[in-house]
2 protein chains.
Amino acid sequence: MSDQSFPGGHDCRAREIVDRVGDKWSLYVIATLGEETLRFTELKRRIDGISQRMLTVTLRNLERDGIIVRTMYPVMPPRVEYSVTPLGCELLGAVTALVGWAETRVETIEKNRAAYDERAAEQTEAFG
Amino acid sequence: MSDQSFPGGHDCRAREIVDRVGDKWSLYVIATLGEETLRFTELKRRIDGISQRMLTVTLRNLERDGIIVRTMYPVMPPRVEYSVTPLGCELLGAVTALVGWAETRVETIEKNRAAYDERAAEQTEAFG
DNA sequence: CGGCATCCATGCTGATACTG
DNA sequence: CAGTATCAGCATGGATGCCG
């Protein structure tokens with residue numbers, strides 16, 4: 001129990017990092033930039049559904065963590081490129097594993113959910 | 001672009017699953033139950049900081065997905081045990097990888113953040 | 001193009017109180 | 001012990017408008 005730093009919950013700093021990486025958009029930004037360096041607008045186009053604001057916020061946070069790097073070219077119109085750092089590349093592996101798992105298990109989980117909901121409905125029907 | 005189901009964002013069902021698993025407490029519940037089967041109160045005690053409500057909510061969601069299983073013994077006082085399913089065990093690997101990465105990189109990331117903030121402060125100082 | 005500032009809706013979350 | 005119910009606060013996130 002003492003050699004496991006995670007479940008015990010002592011290292012809340014790791015906790016914070018996982019929260020950050022696991023927030024609504026970070027995984028997608030990381031995965032998308034993991035393929036190739038992209039400009040802001042192109043990135044936004046690829047992560048469909050993300051708002052400009054959230055892309056900006058997510059990018060800033062990841063940049064601050066050193067997971068991605070922002071390269072600005074002082075030209076008009078502005079040209080800004082984002083790419084993953086070596087640190088971000090490490091993370092990419094874990095992210096891919098997690099997302100890969102989710103994708104292969106989508107069907108199973110949706111089936112589980114449907115079954116669960118059905119059982120719940122039966123309960124309501126019987127007692128509600 | 002067509003063979004990558006994740007960054008393209010077509011499979012929003014996987015998206016939903018990742019969101020669920022990546023929410024505030026799920027990772028911790030999964031990781032903690034990954035070690036051993038536990039009762040509600042003991043689980044709450046181990047995941048320090050979680051409220052009773054959030055533990056219940058998180059547990060229900062994970063149970064619905066089939067990631068954990070709930071076993072209730074109809075006795076007084078009530079005895080309920082939670083454990084991970086085989087499906088949850090699969091996830092455990094990815095979770096462990098992600099959290100493991102976060103733990104080994106805590107120092108690096110905090111250093112990155114500090115450096116970033118310092119640069120930001122310099123900017124403010126110079127132009128603000 | 002690549003942002004930032006503002007406003008506002010949503011909902012996640014925690015605190016509290018109550019139950020079988 | 002293992003919850004449920006309710007309420008309130010705050011963070012998250014979207015929409016809009018403006019700027020270099």
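In what follows, chains are A, B, ... by sequence order, proteins preceding strands, each numbered from 1. All values below come from the heavy atoms of this structure, side chains included, with hydrogens, waters and symmetry mates left out.
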Below 4.0 angstrom from OP1 or OP2 of [N], is there any side-chain N or O of [X]?
{"X": "A:Tyr82", "N": "C:dG3", "result": "yes"}
{"X": "B:Lys24", "N": "C:dG14", "result": "yes"}
{"X": "A:Thr41", "N": "C:dG2", "result": "yes"}

Please tabulate the protein-to-nucleotide N/O contacts below 3.5 Å involving nucleotides 15-20 of chain D, giving atom names and distances.
none

Residue pair A:Val84 / A:Cys89: nearest heavy atoms and the distance that separates them: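 Minimum heavy-atom separation between A:Val84 and A:Cys89: CG2-SG, 3.7 Å.
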Atom of B:Leu92, atom of B:Ala31 and distance for their closest heavy-atom approach: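 Here B:Leu92 and B:Ala31 meet closest at CD1-CA, 3.9 Å.
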Flag for A:Asp23-A:Ser26: side-chain donor and acceptor within less than 3.5 Å: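 Short answer, yes.
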Short side-chain donor-acceptor distance under 3.5 Å, A:Arg15 and B:Tyr28: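 B:Tyr28 vs A:Arg15: donor-acceptor pair found between side chains.
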Strand-adjacent residues in residues 59-68 of chain A, judged by heavy atoms under 4.0 Å from DNA chain D: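 Those residues: none at all.
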How close or far is atom [atom2] of [N] from atom [atom1] of [X], stated in whole angstroms?
{"X": "A:Leu55", "N": "C:dG2", "atom1": "CG", "atom2": "C1'", "answer": "10 Å"}
{"X": "A:Lys44", "N": "C:dG2", "atom1": "NZ", "atom2": "P", "answer": "12 Å"}
{"X": "B:Asp48", "N": "C:dG14", "atom1": "CG", "atom2": "P", "answer": "12 Å"}
{"X": "A:Phe40", "N": "C:dG3", "atom1": "CZ", "atom2": "P", "answer": "5 Å"}
{"X": "B:Glu42", "N": "D:dA2", "atom1": "CD", "atom2": "P", "answer": "10 Å"}
{"X": "B:Ile50", "N": "D:dG3", "atom1": "CD1", "atom2": "C1'", "answer": "14 Å"}
{"X": "A:Glu81", "N": "C:dG2", "atom1": "CD", "atom2": "P", "answer": "9 Å"}
{"X": "A:Leu43", "N": "C:dG3", "atom1": "CG", "atom2": "C1'", "answer": "14 Å"}

Bend angle of the helix from C:dC1-D:dG20 to C:dG20-D:dC1, end axes from five pairs each (to 10°):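 For the helix from C:dC1-D:dG20 to C:dG20-D:dC1, the axes at opposite ends meet at about 50°.
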Check this for me: does any side-chain nitrogen of one of [X] and [Y] sit under 4.0 Å from a carboxylate oxygen of the other?
{"X": "A:Asp65", "Y": "B:Arg105", "value": "no"}
{"X": "B:Glu16", "Y": "A:Arg113", "value": "yes"}
{"X": "B:Glu36", "Y": "B:Arg46", "value": "yes"}
{"X": "B:Glu42", "Y": "B:Lys44", "value": "no"}
{"X": "A:Lys24", "Y": "B:Asp19", "value": "no"}
{"X": "A:Arg70", "Y": "A:Glu81", "value": "no"}

Touch class at under 4.0 angstrom, heavy-atom based, for A:Tyr73 against every strand present: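 Since no nucleic acid heavy atom lies under 4.0 Å of A:Tyr73, the category is nothing.
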Sub-4.5 Å side-chain heavy-atom contact between A:Asn61 and A:Arg20: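 A:Asn61 vs A:Arg20: side chains touch.
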Candidate list A:Thr96, A:Thr58, A:Val21, test side chain to side chain contact (heavy atoms under 4.5 Å, CB included), partner A:Leu27, passing option: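 Checked A:Thr96, A:Thr58, A:Val21 against A:Leu27; only one passes side chain to side chain contact (heavy atoms under 4.5 Å, CB included): A:Val21.
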Side chain of B:Met54 (C-beta onward), nearest among C:dT13, D:dC1, C:dG2: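 Closest nucleotide to the B:Met54 side chain: C:dT13.
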